[in-house]
Amino acid sequence: MRGEEAMVVTTVAAPEAGGDEEQRAGLGRRWAPRERGVGGPQEARGQSEFPCSRGPCAEGRAPWRTGKKFLYCEPHKRIKEVLEEELSLKRDECHVKNAPADGLSCGDAAYTFMERGGKIRRDLRDLDVCTREKMAHVRDCKTGSSGIPVKLVTNLFSLDLPQDWQLYQYHVTYAPDLESRRMRIALLYSHRELCEKAKAFDGVILFLSQKLEEKVTELSSETRRGETVKMTITLTRELPASSPVCIQVFSIIFRKILKKLSMYQIGRHFYKPSEPVEIPQHSLSLWPGFAISVSQFENRLLFSADVSYKILRNETVLEFMTSLCHQTGVSSFPQTCEKQLIGLIVLTRYNNKTYRIDDIDWSVKATHAFQKRDGTEITYVDYYKQQYDITLSDLNQPMLVSLWKSKRNDNTQARMVHLIPELCFLTGLTSRATSDFQMMKAIADKTRLSPLGRQQRLARLADDIQRNKDARFELETWGLHFGCQVSLTARVVPSEKILLQDDVCQPVSAADWSKDMRTRKILSAQSLNKWLIICSDRAENVTENFVSCLRRVGSSMGFNVDYPKIIKVQEAPAAFLFAIQKHFDPDVQLVMCVLPSAQQNYYDSIKKYLSSDCPVPSQCVLVRTLNKQGMMMSVATKIALQMTCKLGGELWAVEIPLKSLMVVGIDICKDAFNKGMVVVGFVASINPRITRWFSRCILQKTAADVADCLKVFMIGALDKWYKHNHDLPARVIVYRDGVGDGQLKTLIEYEVPQLLSSMTEASPNSSSRLSVVVVRKKCLPRFFLEANHTVQNPPLGTTVDSEATRPGSYDFYLVSQVACRGTVNPTYYNVIYDDNGLKPDHMQRLTFKLCHLYYNWPGVISTPSPCQYAHKLTFLVAQSIHKEPNLALANSLFYL
């Protein structure tokens, strides 16, 4: 049973007789959670579900294990292959990363939305959301015309189908009824009427690319026990190629093809372990691979692929645990180890599968035995030796526990997988590793491919698909033809002029105007007359030098800074907080803390106190930042700009032709402390020049990333606008970030009505009009400019609104950033509601203008500034504050 893990089940959670949910990885065993319910140990890490011995090498003492039975099921080889295929779509819908190898058969959870009330894969649900038909001004044409045309090549490939191609859906019944799905599949697949046809079957729903002769077909088979089973296959639907069901089947076909190209699926992407990229100086390995998708674009079906890398540490969990034990000592090791490991993703290289660590079972060792289905017992040591020819070196190592839960209904029990730490490799990077400049630079050197390098990888993939005999056969069986790479025509919108206090600046570089601002004054700034600096004794000299530089650069930009009160404290978070509490008074405009280290508790305690309990803008800076040789003036300039914004200042502007326009940014992220909470950030402009902002944030309990507080936020923003402008805005354009797959319909039905209701409630007679634009920074399509027989990044301001867009959506791509290294990412915009009636040119140009107004960077960014402000606000609250900021700070960008 190569490629699978041993699963266990307690006697109180015996597998259901013939239960289909048992078939994950060919092993069918469940784990029954106790008092805390199906949430398992992850909900309360401090109280592990598994009793812990006093140290990692203690002998397993487990009185609670009395009567526990270990069961193992080795399915028939052909049945196992069928089941691996059958589970592919189910994994997509449930987002289970560790499902068996992909293949071609449709899990019932994926298609029961037609017959049994299930769900289709999340990222395909949005295909059914057609908003464009409700917008009269773009119903016939959604493309713009302004700008310079450019020819681009994409990472999209055409997929051709016969003109009358259809997918035929059948319902299959059995008499007598069979509980086991694998038995249903095996009996149906044994018939010659189906063996030569392209098919996908989950045990109930059958899909064929060729129609059966009869609408109702009856077949019969005999089981090994001699029992005759009658099967009735009834045609229920004929689906066009653009149907989300067909799109999902096409995606599975290509996943099966990539598997034939010796790639392994990890998560939702495919990687090639046979071609690793080693970074030996940091003990890292990178597996190259691809993220793929099949979808219906404007007028044709397209296959998209982009280069992806999987980062693996050449360090096993056992090595990590051993090192941690030496650092912490035996007494506190179990608790520390659980805190460090639970929640991480590991990879077992013997089967190239990933697992999430949900707990550590200190009582089970490698020498313990479990019972196979045939009644024989085998130890974990012998199991891995027999199945993988792996000899375990540490027989006392505890077991990692990974829980698999089905999302098909709320009552399913979690399945428990035991993993050997010695065979598990850590994936991803720790927060400490990401702060290692040299490590991140080494990774970037390998992963940031140039446009030409990325294009060559894509061409190689396309060539492999077209040359591989099995891949061609798979495509031909389904009637698919893999075509060439798609080219299209885009437009480049004009660059923007930057408006300053006494000058209009045409930047030398449209992406960065920091040098152009050195001798010019910002729009407006409030003088900083009374402020505090808290620093340690050792940082006194560097702090004095910094203040001198800050005052000089502030004066040149029009920001007057008086000398602060400097308070010296010990190097401890409590000392910094105590000094702030002791010396703060209501007239203090800003508090700066010069932190001795990057420890999170320094930053968190200061920000939490000054953002909620004692609301005043704050600025934190590390001593090592101020100690950088030759960088003091540059650092002082950047900090001066941040401090100006936190005091309510305005740095620069761009020309906004639309009068009385309010723009709003909304973002949502999960709270780092309480996983059951999400942070909703709302930032709205409050002046026509779009340089002043109103910011609100709240924590809410929700299972989905959907905001239910937008009415309160919008009413507050409209009230603030009215106080500044003595009228309500004529237009409101909302940019909604943080939207997950399959959430468009929820946004339209739940969030948009909140916004409309708040505008009506603010002024029943108001004629304010609303537009809502969904922003996605991570999108699969890439664009390359063809020039001089090579490809390069498209110019800043490139807009794509045809061919690579969706037929039922008012959408476009915008390149609003410059990549000095690597390949630039376009940002995807989807207008889901619009009664402003703006022309596509105007909506695209306005979006590009807003990408110039983020005050934390003197240049263009990838998303509109209100989105980035909302992201900064939610990130601060989710990571450090964990509560709603004080409303006294709502009128300043205190979170920059």
Side-chain angles (χ1 to χ4, degrees), residues 496 498-500 505 507 509-518 520 522-526 528 550 553-554 557-559 590 592-593 603 607 610-611 617-622 625 631 633-654 663-667 669 681-686 689-695 697 735 737-738 775 777 796 816-818 820 827 848-881 885 889-896:
E496 294 293 330
I498 306 303
L499 310 181
L500 298 169
C505 170
S509 170
D512 181 0
W513 52 85
S514 55
K515 294 182 180 179
D516 302 275
M517 290 188 60
R518 289 179 179 174
R520 294 178 170 93
I522 59 178
L523 283 178
S524 68
Q526 180 181 345
L528 183 56
L550 182 69
V553 300
M557 69 174 61
F559 175 40
L590 183 140
M592 170 177 276
C593 296
Y603 184 84
K607 285 294 183 180
L610 293 178
S611 297
S618 58
Q619 183 76 39
C620 293
V621 61
L622 293 174
T625 302
M631 297 289 291
M633 291 299 291
S634 176
V635 170
T637 300
K638 292 179 180 179
I639 292 178
L641 293 175
Q642 284 188 334
M643 293 169 64
T644 301
C645 296
K646 293 178 180 182
L647 294 173
E650 305 164 80
L651 302 187
W652 61 79
V654 295
V663 294
V664 177
I666 301 173
D667 196 12
C669 71
F682 179 99
V683 178
S685 61
I686 57 175
R689 204 159 48 170
I690 312 184
T691 56
R692 300 182 65 85
W693 303 90
F694 169 79
S695 307
C697 193
Y735 290 89
D737 203 352
V775 182
K777 300 182 287 291
L796 186 71
S816 57
Q817 60 180 331
V818 173
C820 299
T827 302
F848 185 54
K849 287 175 179 289
L850 293 176
C851 295
H852 293 69
L853 295 176
Y854 180 58
Y855 286 161
N856 218 16
W857 169 248
V860 186
I861 62 172
S862 61
T863 58
S865 55
C867 280
Q868 189 63 19
Y869 287 136
H871 169 72
K872 290 287 288 186
L873 175 58
T874 55
F875 186 81
L876 174 66
V877 174
Q879 296 294 322
S880 301
I881 301 178
L889 297 174
N891 295 327
S892 67
L893 300 174
F894 67 93
Y895 39 84
L896 290 186

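Since the model is a prediction, treat every value here as computed from it, not as a measurement.
Within the model, atoms SG of C645 and CG of L651 stand 4.0 Å from one another, a figure rounded to the nearest 0.5 Å. Separation of atoms NZ (K872) and CZ (F894) is listed at 12.0 Å; rounding is to 0.5 Å. Residue I690 holds its CD1 atom at 9.5 Å from NZ of K849, rounded to the nearest 0.5 Å. A distance of 11.5 Å separates SG in C593 from CG in L622, rounded to the nearest 0.5 Å. If you take OG on S816 and CG on L850, they are separated by 10.5 Å, rounding to the nearest 0.5 Å. Atoms CG and CG, from D667 and L873 in turn, are 9.5 Å apart once rounded to the nearest 0.5 Å.
Minimum interatomic distance between L896 and Q642 (heavy atoms only, all atoms of both residues): C-NE2, 4.1 Å. Contact between S695 and S892 at its shortest, heavy atoms only, is OG-O, 4.3 Å. Between S618 and K646, the closest heavy-atom pair is O-NZ, 2.8 Å. V877 and P885 make their closest contact through CG2-CG, 3.8 Å (heavy atoms, listed as atom of the first residue, atom of the second, distance). Across all non-hydrogen atoms, the minimal contact from M633 to V553 is CE-CG1, 3.3 Å. A pairwise comparison of heavy atoms in A640 and T644 identifies O-OG1, 2.7 Å as the closest pair.
The backbone N or O of S862 lies less than 3.5 Å from a partner atom in the side chain of T827, making a donor-acceptor pair. In terms of modelled atom types and a separation under 3.5 Å, the side chain of R692 and the main chain of E650 share no donor-acceptor contact. Side chain of W652 to backbone of H852: a donor-acceptor contact under 3.5 angstrom is found. Side chain of K607 to backbone of I881: no donor-acceptor contact under 3.5 angstrom is found.
Side chains of D737 and K777 form a contact here, defined as non-hydrogen atoms less than 4.5 Å apart.
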Residue pair L641, Y855: steps toward the side chain to side chain contact (heavy atoms under 4.5 Å, CB included) verdict:
CA-CA 8 Å; L641 293 175; Y855 286 161; over 6 Å; no

Test side chain to side chain contact (heavy atoms under 4.5 Å, CB included) on R689 and L523; report intermediate values, then the result.
CA-CA 11 Å; R689 204 159 48 170; L523 283 178; 3.9 Å; yes

Take Q868 and N856 through the side chain to side chain contact (heavy atoms under 4.5 Å, CB included) test and state the conclusion after the steps.
CA-CA 10 Å; Q868 189 63 19; N856 218 16; over 6 Å; no

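Applying side chain to side chain contact (heavy atoms under 4.5 Å, CB included) to V683 and the options F694, Y735, Y895 leaves one that passes, Y895. Of the residues listed (D512, V860, I498), the one engaging P507 in a side chain to side chain contact (heavy atoms under 4.5 Å, CB included) is I498, and it is the only one.
A tilted orientation is assigned to the rings of Y854 and Y869, their planes being inclined by 30° to 60°.
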